[in-house]
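Below, read A as the first sequence line, B as the second, and so on, with proteins coming before strands; counting in each chain starts at 1.
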Amino acid sequence: MTDVLIKLENVWKTYKLGETPLSVLRGVNLEITQGSFVTIMGPSGSGKSTLMYMLGLLDTPSQGNILLQGQDTTNFSEDKLAEVRGKRIGFIFQQFNLLQNLTALENVMLPMIFQGISEGKRKEKAKQLLESVSLGHRINHKPSEMSGGEQQRIAIARSLVNDPEILIADEPTGNLDSTTGKAVMEILTKLHREQKKTIVVVTHDPNIAKYSQNVIHIQDGLIVANHFQESEILWQK
Amino acid sequence: MAKIDINNLKEYLKIAVKTISTRRIRSWLTTIGIVIGVFLIVSLLSLSQGLKNAVLQQLNMMGKDLITIMPGDITNVSSMMSGQKLTDADLKIIKETEGVDIIVAMDYTSVVARYDNQKKTVLIYGADWRNDLDIFKNDMGWSVSQGQWPSPGRAEVVVGSIVASDTFGGLRVGNEIVIKGRKFIVAGILNSVGSKQDDSMIGVDSNIFQSITGERNGAKMTMAKIEAGYSADFVAEKLKSNLNENRKRQIGQKENDSSYTVLTSATLSSIVGNVMGLIQAVIIGFASIAIVVGGIGIMNTMYTSVSERTKEIGIMKAIGAKNRTIITIFLIESGIFGMLGGVGGTLLGLIFAKTIEIYFQIHPLFYLRADVSPGLILFSLSFSFVIGCVSGYFPARAAAKLKPVDALRYE
């Protein structure tokens, strides 16, 4: 049996819109196993982004528990959660979410600064990662001087610097054309295959889902389907 | 854990500097708020301290064993303005008071003097060159820069430094000055004694002074030199009581009306110190208000910055920034505003104070040296830095309190 990395137990997220409470997640139970490649799909407003924020420990449930390798995170302080995110989770966003004032290299080094890693090590690791996503020649450029695909590759490099166990990607190809999007997905697939990273991709694009072994459909705050693909994944074709 | 943050201060400083430099105009405007306050503190305090020093220095030149006696009460302006004089009887009492060695009766009046077809109103004073010269030279610290002191009884004058440089520009030893139709030879020109009024006066023999002005009795003020072994305070008290008793006897005053002012150099110094201290306190008060207003400007800028960078804060939190990391970054930023304002204000204040000092060297109204102490600079810099940090604290805390998910969703 494979290890469970993240487990959601009866997770609810309820917002108050004026007087009426609105439940975005309604009792979600989910297990993400170590080394899996999971796609979460659903139409907009289905709660898939909220689910992603829960899995990334960026948000806390109104009810229910989130377990990280069996450890309940409910009572973690904000700083503890920040530490866990910094060390064990890497994020890739649709909008890339790079700091515009910083160069590619500085953006990639930032998560290591928060972990107190020395400058020499930071530079070495960041350069190496930027080279691995074919951006070794553009390390001193700012995000505004780069294309969408390049920015997303910086973001991928940034998500990897602290060697996280899990990568969470929110519509990683949403702002990219199909060729660039494919390149990004190939990088993620490679990370999964070669480095055994656990990868969670949130998307509404069925083509993206083809890359993964486990596709989860969410609708109206509930998981309506959770199926596993038997065959080897698309990138091989 | 806090140790990690200290090691990272350099990195956070870099981030803060980058942010500040990308919002250049706003950063300058924010800084100017602090610059103005610090500028006021540095320039006005250094100038007022310089003024205080100038006055005290002048008082110190007078010597510790001289007591100044003037008619009227120094705390009562109308009695000082009434033009009273010390009578001959007063002078006699002063001379006979226990502890008084010799006295110099100073009488002065304004007259029109003529030199080389220029007519100017000047103050002339009568001096007994035979008996009083010693006090002028040794106790009051006066000295001639050119020529010599006038000979007793001769139609000679000694002029203050400003008379030769300014009032009658080009006046030299041996030139002729006409006062009230009588010709005088300039025997000497004095070195500056440190006060514009004293440097603008012309000294003549006391007998000649009486004959050309008609002021034969009494004196406007007198200086008493204390005998060795007596304290200035003791003699000052004696002088006061003797003079008041005599006045009571003469005109039967019931009240103990202190219609004489008896000042030792110590009391004069403390009066000057108190007045200048008060002025400086007012300056500090107003300039501090200016700095606090500048601080509110910083706070405003920082709140704007927090709301503009909500998303950025969310990103940093998502990739592992703790709350105190966010607070530190924002505090450094506002601290830089305060510090920059402090440095800018200090520099501008120094330049302004030095300009004023140079102006007064060229146009000697009085002698003013801007006194810029390291303590003053340290105070302004640290005060402005602290104001910067304090103003940044609440915006920084607001930034740190943002939930990562809300901050990331913010557009």
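- Surrounding CZ of A:R122 are more than 12 heavy atoms belonging to other residues, nucleotides or ligands, all under 6.0 Å away.
- Environment of CG in A:L17: crowded, with over 12 heavy atoms of neighbouring residues, nucleotides or ligands closer than 6.0 Å.
- Heavy-atom distances place no part of A:R88 under 4.5 Å from chain B, backbone and side chain included.
- When B:K14, B:K403, B:M316 are compared by the number of non-hydrogen pairs under 4.5 Å with chain A, B:M316 comes out ahead.
- Annotation: maximal heavy-atom pairing with chain B below 4.5 Å, among A:R158, A:R85, A:E78, A:E106, occurs at A:R85.
- Distance CZ/B:R409 to CG/A:L58: 10.0 Å, rounded to 0.5 Å.
- Here the closest heavy-atom approach between residue B:A321 and residue A:A82 is recorded as O-CB, 3.5 Å.
- Counting non-hydrogen atoms of other residues, nucleotides and ligands closer than 6.0 Å to NZ of B:K18 gives a total above 12.
- For A:S159, no part lies near chain B; criterion is any non-hydrogen pair under 4.5 Å.
- The number of heavy-atom neighbours closer than 6.0 Å to OH of A:Y15, taken from other residues, nucleotides and ligands shown, is above 12.
- Summarising the geometry, atom CG belonging to A:N101 is positioned 5.5 Å from atom CD belonging to B:E312; distances are rounded to the nearest 0.5 Å.
- Counting non-hydrogen atoms of other residues, nucleotides and ligands closer than 6.0 Å to NE2 of A:H217 gives a total above 12.
- Between A:E119 and B:K10 there is a salt bridge, since a side-chain N of the basic residue sits under 4.0 Å from a carboxylate O of the acidic one.
- At a 4.5 Å heavy-atom cutoff, A:Q100 makes no contact with chain B through either its backbone or its side chain.
- Taking 4.5 Å as the limit, some side-chain heavy atom of A:I113 sits within range of a side-chain heavy atom of B:Y12.
- A 4.5 Å side-chain heavy-atom check between B:E11 and A:M109 finds every atom pair outside the cut-off.
- Taking the side chain as every heavy atom from C-beta outward, B:I15 and A:L110 approach each other to under 4.5 Å.
- Atom CG of A:N75 has 12 or fewer neighbouring heavy atoms from other residues, nucleotides or ligands inside a 6.0 Å radius.
- The number of heavy atoms from other shown groups lying within 6.0 Å of CD (A:E124) does not exceed 12.
- Proximity to chain B involves both the backbone and the side chain of A:T50, based on heavy atoms less than 4.5 angstrom apart.
- Between B:K317 and A:L81 the shortest side-chain heavy-atom distance does not fall below 4.5 Å.
- With rounding to the nearest 0.5 angstrom, the CZ atom of A:F114 is 8.5 Å from the CG atom of B:N8.
- Using a 4.5 Å cut-off between heavy atoms, B:T19 contacts chain A through both its backbone and its side chain.
- Residues of residues 379-400 of chain B lying within less than 4.5 angstrom of chain A, judged on heavy atoms, are B:A400 in numerical order.
- To the nearest 0.5 Å, the span separating CG on A:D170 from CG on B:L408 amounts to 9.5 Å.
- Between A:F91 and B:A318 the shortest heavy-atom distance is CE1-O, 3.4 Å.
- Side-chain atoms of A:D79 come within 3.5 Å of backbone atoms of B:N323 as a donor-acceptor pair (strictly under, hydrogens ignored).
- Counted within 6.0 Å of NZ on A:K123, heavy atoms from surrounding residues, nucleotides or ligands total 12 or fewer; the atom is thus considered open.
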